[in-house]
Amino acid sequence: MKTIEATNFIEQIINEDIEAGRIQAVQTRFPPEPNGYLHIGHVKSMLVNFGTAEKYGGKCNLFFDDTNPSKEKTEFVDAIRRDIEWMGYHWAKEVYASDYFDVIYDYAEKLISDGKAFVCDLSPEEISATRGTLTEPGKESPCRNRTPEENLELFRNMRAGKYADGEKCLRAKIDMASPNMNLRDPVIYRILRCTHHRTGDKWCIYPMYDYAHPICDYMQGVTHSLCTLEFEDHRPLYDWVGIHLGFDPKPRQIEFARLCVTNTVMSKRYLKKLVEEGFVHGWDDPRMPTIAGLRNRGVPPEALLDFCTRAGIVKANSECQYSYLESCIRDNLNENAERAMAVASPLLLTLKNCEGGETEAAVHPLKPELGTRKVRFGRALYIDRADFSDDPPPKYQRLRPDGYVRLKNIGIVRCDEVVRLGSGEISELKCTYFSEEEAAVAGIKAKGTVQWVDAETGVDAEIRQYGCLLNDAEYPGQDFGERMNRDSERIFSGKAEPYLAEAADGTPFQLMRMGYYKKCRGEGGGLVLSEIVSLKDSFNKSSGR
RNA sequence: UGGGGUGUCGCCAAGUGGUUAAGGCACCGGAUUUUGAUUCCGGCAUUCGUAAGUUCAAAUCUUGCCACCCCAGCCA
């Protein structure tokens with residue numbers, strides 16, 4: 001097995017393991033807990049786990065960490081699978097922590113027999129109270145010195161359902177005085193009467209993450225268990241389990257920093273709250289930072305992967321600016337998205353001297369081989385309100401009273417009359433049309449070019465809710481995501497207005513930028529929001545556990 | 001105040017004792033342009049949290065200090 005050129009510290013470590021002959025092949029696992037949808041933070045984990053395995057010609061399993069049935073659902077399992085597939089990754093095997101419940105249980109009996117674990121009668125409150133503090137050691141449980149025989153019997157009784165939830169638990173016998181809190185006789189099995197989404201009511205005791213994870217990794221032949229930074233001081237416990245259970249070769253845990261994006265909520269806890277309390281339409285609402293939400297906005301998976309790659313895999317906690325993500329999306333879309341015209345905030349424009357017709361528009365200006373498509377237009381069109389100004393700022397290049405502008409792919413237009421409602425609001429622009437030829441002959445030039453939508457055949461559908469009107473009625477039957485993709489050049493081609501929610505401390509948070517912005521210095525775009533969300537309660541920073 | 005981590009341009013991030021300290025995002029100029037997009041050219045850290053020390057030579061080694069993050073769930 002050969003080393004590759006390392007592009008991050010994880011690969012450096014793997015290379016060292018290869019050079020030292022510690023591993024024969026790379027095996028990783030992507031380990032979501034099925035308690036919610038995957039979000040953009042998980043993309044980074046996928047990149048690390050699937051990506052690293054791929055690079056080394058190794059394998060990566062999809063591992064569902066389902067050791068806490070009270071939070072997990074099959075619905076999430078299905079959504080997670082779908083999202084990984086959409087991201088373009090393939091897992092070697094699909095495994096569940098629950099697949100190993102029997103093995104995990106047997107290992108617990110082994111630990112007990114070896115005098116490495118004991119059944120504790122203390123209540124959760126008592127355990128908490130005797131754990132000590134960051135600076136003071138904890139107190140040993142009075143049950144700590146029970147004999148293996150006694151512990152074994154008690155543990156079997158736990159499994160048999162002879163005790164109530166919380167009445168007893170199994171603890172690893174490590175060190176109550178350890179400066180590492182995780183090593184102060186951690187609970188490794190709890191009694192929990194809860195129907196598991198896969199094992200049903202077979203078990204009334206469930207293993208804890210810290211104990212089950214190293215076993216599951218070992219059972220899968222995982223060589224490198226890649227996880228986020230907050231598990232760094234769980235590593236000694238991860239290793240403790242492996243050492244005392246005699247795992248050889250023992251998987252190696254390596255931690256990397258989570259992905260953070262400015263003003264973006266990335267905690268499943270809050271995302272769940274948004275869904276459950278109806279702030280959004282669901283986990284796949286286009287405003288959500290979930291993979292499903294991003295998909296519904298028309299964000300290509302490659303752009304997400306590119307973003308995580310460019311942000312880098314490191315150990316330093318950092319927060320990427322949203323504009324970095326947007327840049328990755330724009331780069332991808334510029335290269336791949338087929339073009340369509342769109343208008344966010346429609347303003348009627350009528351052609352006084354033209355019956356309309358049909359024009360050809362390049363499917364993709366960078367890819368002439370994709371040809372053109374026909375776009376029809378009548379004498380009534382919509383342009384964006386931002387593309388007209390009766391009080392134009394300096395250097396304004398678009399339409400103004402008595403001014404000229406080019407309607408993309410049609411010709412040049414002169415604004416002859418501005419029709420207003422009683423309120424003063426502009427309701428219509430009456431224009432004279434000049435074909436490119438006529439304009440050339442007459443010496444008419446237009447500095448700016450604007451997109452337009454045919455008033456009769458333009459479609460809005462769901463798009464309107466999120467602020468856009470698409471030009472072409474020629475994409476029937478496409479779902480929201482595809483439509484957004486058609487339009488995404490426009491959507492992402494400039495700065496987006498943030499979709500804001502107010503936080504308790506005044507910090508603006510956003511679910512996702514949901515915006516449309518005509519590139520124009522000093523002007524905001526016609527963003528239409530379906531609803532404004534106040535998250536005052538949700539984002540209280542001091543939220544306890 | 002215990003332990004574990006991390007500190008390189010506004011934001012990411014290369015860098016592993018000898019280079020003028022990569023690159024990307026953002027930003028600022030200027031050119032091309034039927035999307036104020038794209039593309040193109042140019043600008044943007046005498047300095048690497050900080051203070052000493054070692055060395056001919058330090059972002060890279062040593063020591064002290066400072067800042068930030070994580071840990072006291074029978075969550076993951």
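In this text, all values refer to a predicted model and were calculated from it rather than measured experimentally. Residue numbers start from 1 in every chain, and the chains themselves are labelled A, B, ... in the order their sequence lines are given, proteins ahead of strands.
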For A:Lys55, what residues pass the salt bridge (Lys or Arg N to Asp or Glu O under 4.0 Å) criterion, not counting sequence neighbours? A:Glu11
Counting side-chain heavy atoms from C-beta on, which of B:rA72, B:rC70, B:rG4 comes nearest to A:Glu230? B:rC70
Using the P atom as the reference point in each nucleotide, state the distance between B:rC44 and B:rG24 in Å, no decimals. 14 Å
With respect to the side chain of A:Tyr324, which nucleotide from B:rC75, B:rC12, B:rG5 is positioned closest? B:rC12
A:Tyr105 six-ring face occupied by A:Arg159 cation (under 6.0 Å, within 45°): yes
Regarding A:Asn409, tell me which of base, sugar-phosphate or nothing describes its non-hydrogen contacts under 4.0 Å with the strands shown. base
With sequence neighbours left out, write down each residue that passes salt bridge (Lys or Arg N to Asp or Glu O under 4.0 Å) with A:Glu302, or none if nothing qualifies. none
Has A:Ser128 got a side-chain N or O lying under 4.0 Å from the OP1 or OP2 atom of B:rG73? yes
Could you check if the base of B:rG73 is syn or anti? Syn means the glycosidic torsion is within 90 degrees of 0. syn
Rounding to an integer number of angstrom, what distance separates B:rG5 and B:rA26 when you compare their C1' atoms? 29 Å
Write down the distance between NZ (A:Lys71) and C1' (B:rC74), rounded to a whole number of angstrom. 12 Å
Applying a 4.0 Å non-hydrogen cut-off, can you work out what A:Gln397 is touching in the nucleic acid: base, sugar-phosphate, or nothing? base
Over 60° means perpendicular and under 30° means parallel, so classify the ring planes of A:His196 and A:Tyr206, tilted if in between. parallel
Side chain of A:Phe231 - closest among B:rA76, B:rG10, B:rU34: B:rA76
Between A:Arg146 and A:Pro142, is there a donor-acceptor pair closer than 3.5 Å when you use the side chain of the first and the backbone of the second? no
Check the distance between B:rA76's P and A:Glu72's CD and give it to me in whole angstrom. 8 Å
Where the side chain of A:Thr290 meets the backbone of A:Trp283, is there a donor-acceptor pair that is under 3.5 Å apart? yes
Ignoring hydrogens and angles, does a donor from either the side chain of A:Glu255 or the base of B:rG5 sit under 3.5 Å from an acceptor on the other? no
Looking at the side chain of A:Thr135, which of B:rC25, B:rG2, B:rG73 is the nearest nucleotide? B:rG2
With A:Asp175 via salt bridge (Lys or Arg N to Asp or Glu O under 4.0 Å) - residues at least two apart: none
Nucleotide opposite B:rG42 in a Watson-Crick or G-U pair, distances under 3.5 Å: B:rC28
Over all strands shown, is A:Leu170 touching base, sugar-phosphate only, or nothing at heavy-atom distances under 4.0 angstrom? nothing
Are the aromatic ring centres of A:His234 and A:Tyr238 under 6.0 angstrom apart? no
Give me the distance, rounded to whole Å, that separates B:rG43 from B:rC25 when you measure between the P atoms they each carry. 16 Å
For A:Asp210 and B:rC71, give me the distance from atom CG to atom P, rounded to whole Å. 13 Å
Within the structure shown, what part of the strands sits under 4.0 Å from A:Arg406 by heavy-atom distance: base, sugar-phosphate, or nothing? base
For nucleotides B:rG49 and B:rG73, find the distance between their C1' atoms and express it as a whole number of Å. 35 Å
Checking A:Asn49 now: which residues fulfil side chain to side chain donor-acceptor pair (under 3.5 Å) with it, not counting sequence neighbours? A:Ser45
Say whether, by atom type as modelled, one donor and one acceptor occur between the side chain of A:Arg29 and the main chain of A:Phe64 under 3.5 angstrom. no
With a 4.0 Å cut-off on heavy atoms, is A:Ser70 in touch with a base, just the backbone sugar-phosphate, or nothing at all? nothing
Round to the nearest Å and state the distance from A:Phe76 atom CZ to B:rA76 atom P. 16 Å
Let's see if you can work this out: which of B:rC71, B:rG36, B:rA72 has an atom nearest to the side-chain heavy atoms of A:Asp233? B:rC71
Listed nucleotide nearest any side-chain atom of A:Asn334, set B:rU38, B:rU34, B:rG5: B:rU38
What is the nucleic acid contact for A:Tyr189, judged by heavy atoms within less than 4.0 Å: base, sugar-phosphate only, or nothing? nothing
Please state the P separation for the pair B:rG4 and B:rU55 - nearest whole angstrom. 31 Å
Rounded to whole Å, the CG-C1' distance (A:Asp165 to B:rG73) equals 15 Å
Specify the residue among A:Glu125 and A:Asp331 whose closest nucleotide of RNA chain B lies further upstream toward the 5′ end. A:Asp331
What distance, rounded to whole Å, do you find between the two C1' atoms, one in B:rG15 and one in B:rG29? 30 Å
When the P atoms of B:rU63 and B:rG3 are considered, how many whole Å apart are they? 16 Å
In whole angstrom, what separates A:Leu325's CG from B:rC25's C1'? 11 Å
Starting at the 5' end of RNA chain B, which residue's closest nucleotide do you reach first, A:His213 or A:Gly411? A:Gly411
Among B:rA26, B:rC75, B:rC25, the nucleotide that comes nearest once only the side chain of A:Arg190 is considered: B:rC75
Separation of A:Asp387 atom CG from B:rA37 atom C1', in whole Å? 13 Å
Between P on B:rA37 and CG on A:Asp384, what's the gap in Å once rounded to a whole number? 16 Å
In terms of relative ring orientation, are A:Tyr404 and A:Phe434 parallel, tilted or perpendicular, with 30° and 60° separating the classes? tilted
Shorter than 3.5 Å, N or O on both sides, protein versus nucleotides 13-16 of chain B: list them out with atom names.
{"from": "B:rA13", "atom 1": "OP1", "to": "A:Ser318", "atom 2": "OG", "distance (Å)": "3.4"}
{"from": "B:rU16", "atom 1": "O4", "to": "A:Gln12", "atom 2": "OE1", "distance (Å)": "3.4"}
{"from": "B:rU16", "atom 1": "O4", "to": "A:Gln12", "atom 2": "NE2", "distance (Å)": "2.6"}

Would you please name every residue forming a side chain to side chain contact (heavy atoms under 4.5 Å, CB included) with A:Asn68, sequence neighbours left out? A:Glu33, A:Ser70, A:Lys71, A:Glu72, A:Arg190, A:Leu192
Does A:Leu122 reach a base, just sugar-phosphate, or nothing at all? Heavy atoms under 4.0 Å. base
What contact category does A:Glu319 fall into here, base, sugar-phosphate, or nothing, at under 4.0 angstrom with non-hydrogen atoms? sugar-phosphate
Residues from residues 174-181 of chain A lying under 4.0 Å of RNA chain B - heavy atoms: A:Pro179, A:Met181
For B:rC68, which nucleotide in any strand shown is its Watson-Crick or wobble partner with both distances under 3.5 Å? B:rG5
Output the single nucleotide from B:rA72, B:rG3, B:rG36 whose closest atom is nearest the side chain of A:Thr133. B:rA72
In whole angstrom, give me the gap between the P atoms of B:rC66 and B:rU1. 9 Å
I'd like to check the side chain to side chain donor-acceptor pair (under 3.5 Å) partners of A:Glu360; sequence neighbours left out, ordered by chain and number. A:Thr372, A:Lys374
Please determine if a side-chain N or O atom of A:Arg131 lies less than 4.0 Å away from the OP1 or OP2 oxygen of B:rG73. yes
Under the salt bridge (Lys or Arg N to Asp or Glu O under 4.0 Å) test, residues paired with A:Arg156 that sit two or more places apart: A:Glu109
Checking base pairs now: Watson-Crick or wobble, both atom distances under 3.5 Å. What partners B:rA37? none
